[in-house]
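Below is one structure, written out as structure tokens; the observations come after it.
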Amino acid sequence: MLHPATELRKINDQVGYGIFATQSIPQGTITWALDPLDQIFDLTKTEQLDHQCRELLTKYTWVNTHGQRILCWDFGRFMNHNCEANSYGLGNCQFEIAIRHIAAGEELTSDYATINLEEPLVCQCGSSRCRGIITLEHLEDIAPNCDALIRSAFTRIHEVQQPLWHWIES
Ligand SMILES: [Zn+2]
């Protein structure tokens, strides 16, 4: 489930849609949490689907560390990649946290290298630190910085409002 102060916006025909903050979201805020309405597809369940459904799954899901595909029932499936993402996953991606202040009107983004990206992605995020082509191999390089950003954000988790707290498991 996405943070309630977000909305879906069309960016352009090439990128499609994205998730944007409707209010400022402070560092340390949980921006997305896995909830019971999200669908989880293991390999067996995925293989039972026809070709067209599997294509949709590839496009709209992310893969957790158990190799399961997660299909967000809400607009979470439209979260785009950015090489300087403002939201990172935690704890086998049971939730994501704002690793810096997200301004009203800013797009919420995560780093696809951290969610078991299967195919290399040609990135057009526009960041000055854009890595160009996003692959899983980047994870080792970016992980120390990701960890530091998450650790810093995590210290604020009890200082900021958490509308998604209900969905966080202990
Ligand atoms: Zn990029």
Side-chain angles (χ1 to χ4, degrees), residues 1-11 15-42 45-46 56-118 121 123 125 127 134 136 138-139 142-143 145-170:
M1 180 173 291
L2 277 170
H3 190 285
T6 56
E7 66 182 12
L8 184 70
R9 285 190 204 162
K10 177 90 179 258
I11 297 174
V15 177
Y17 293 87
I19 308 297
F20 289 81
T22 57
Q23 298 167 21
S24 67
I25 298 177
Q27 180 196 34
T29 306
I30 292 158
T31 53
W32 172 85
L34 188 72
D35 74 68
L37 297 179
D38 290 321
Q39 292 188 60
I40 299 174
F41 292 81
D42 59 19
K45 200 170 166 185
T46 302
L56 287 171
L57 271 196
T58 303
K59 182 171 181 181
Y60 288 112
T61 58
W62 56 274
V63 182
N64 69 15
T65 52
H66 300 300
Q68 298 165 319
R69 292 189 165 280
I70 311 298
L71 178 61
C72 299
W73 68 273
D74 64 0
F75 295 144
R77 64 186 182 277
F78 293 101
M79 179 95 83
N80 287 317
H81 165 90
N82 193 291
C83 294
E84 289 184 281
N86 49 30
S87 181
Y88 278 130
L90 268 172
N92 193 24
C93 289
Q94 299 290 315
F95 65 97
E96 287 212 0
I97 190 170
I99 49 103
R100 56 180 166 78
H101 177 81
I102 300 171
E106 189 179 344
E107 186 180 6
L108 273 72
T109 53
S110 56
D111 194 315
Y112 283 8
T114 67
I115 53 169
N116 298 309
L117 187 68
E118 291 163 309
L121 170 81
C123 187
C125 71
S127 155
I134 311 307
L136 262 185
H138 293 155
L139 189 55
I142 66 169
N145 188 44
C146 290
D147 286 349
L149 291 167
I150 290 170
R151 200 173 294 123
S152 172
F154 205 82
T155 62
R156 303 205 59 210
I157 206 160
H158 290 301
E159 296 170 12
V160 296
Q161 287 194 335
Q162 299 290 3
L164 298 182
W165 198 251
H166 171 78
W167 307 103
I168 307 301
E169 290 179 20
S170 64

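Values below: every heavy atom of this structure, side chains too, minus hydrogens, waters and symmetry copies. This one's a predicted model, so the numbers in the text were calculated from it and none came from an experiment.
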The side-chain contact (heavy atoms from CB on, under 4.5 Å) partners of Asp74 (sequence neighbours excluded) come to Met1, Leu2, Cys72
Sorted by chain and residue number, the side-chain contact (heavy atoms from CB on, under 4.5 Å) partners of Tyr17 (sequence neighbours excluded) come out as Leu8, Lys10, Phe78
Residue set satisfying salt bridge (charged side-chain N to carboxylate O under 4.0 Å, His left out) with Lys59, at least two apart, ordered chain then number -> none
_Is there a side chain to side chain contact (heavy atoms under 4.5 Å, CB included) between Leu34 and Trp32? Walk through the geometry before answering._
CA-CA 7 Å; Leu34 188 72; Trp32 172 85; 3.8 Å; yes
Salt bridge (Lys or Arg N to Asp or Glu O under 4.0 Å) pairs touching residues 92-105, sequence neighbours excluded, are Arg100-Glu106
Does any part of the side chain of [Y], heavy atoms only, come nearer than 4.5 Å to the side chain of [X], both counted from C-beta?
X     : Y      : answer
Trp73 : Asp35  : yes
Phe41 : Leu57  : yes
Ile70 : Ile40  : yes
Gln94 : Ile168 : no

Exercise for the section: Show the numbers, then the answer: is there a side chain to side chain contact (heavy atoms under 4.5 Å, CB included) between Ile157 and Ile30? Expected result: CA-CA 8 Å; Ile157 206 160; Ile30 292 158; 4.3 Å; yes
Please list, chain by chain and in numerical order, all residues satisfying ring pair (Phe, Tyr, Trp, His ring centres under 6.0 Å) with [X], sequence neighbours excluded.
X      : value
Tyr88  : none
Trp167 : none
His138 : none
His158 : Trp165

Count the heavy atoms belonging to other residues, nucleotides or ligands that lie under 6.0 Å from CD of Glu159, then report whether that count exceeds 12. yes
To check you understand the geometry: which heavy-atom pair defines the closest contact between [X] and [Y], and what is its length?
X      : Y      : value
Cys123 : Cys83  : SG-SG, 3.8 Å
Ala98  : Ala153 : O-CB, 3.4 Å
Glu84  : Ser127 : OE1-OG, 2.7 Å
Ile150 : Gly89  : CD1-O, 3.6 Å

Within this structure, what is the [atom1]-[atom2] distance for the pair [X] and [Y], rounded to the nearest 0.5 Å?
X      : Y      : atom1 : atom2 : result
Cys146 : Leu139 : SG    : CG    : 7.0 Å
Ser87  : Ile97  : OG    : CD1   : 8.5 Å
Thr29  : His3   : OG1   : NE2   : 5.5 Å
Leu136 : Thr114 : CG    : OG1   : 9.5 Å

Validation: residues 18-27 side-chain donor-acceptor distances under 3.5 Å, sequence neighbours left out:
from  : atom 1 : to    : atom 2 : distance (Å)
Thr22 : OG1    : Ala5  : O      : 3.3
Gln27 : NE2    : Ile99 : O      : 3.3

Got a sec, which residues hit side chain to side chain donor-acceptor pair (under 3.5 Å) with [X], two or more places apart in sequence or on another chain?
X      : value
Asn82  : none
Glu118 : Arg69
Asp38  : none

Is the backbone N or O of [Y] less than 3.5 Å from a side-chain atom of [X], with the two atoms forming a donor-acceptor pair by type?
X      : Y      : answer
Asn86  : Thr109 : yes
Ser152 : Leu149 : no
Asn116 : Asn64  : yes

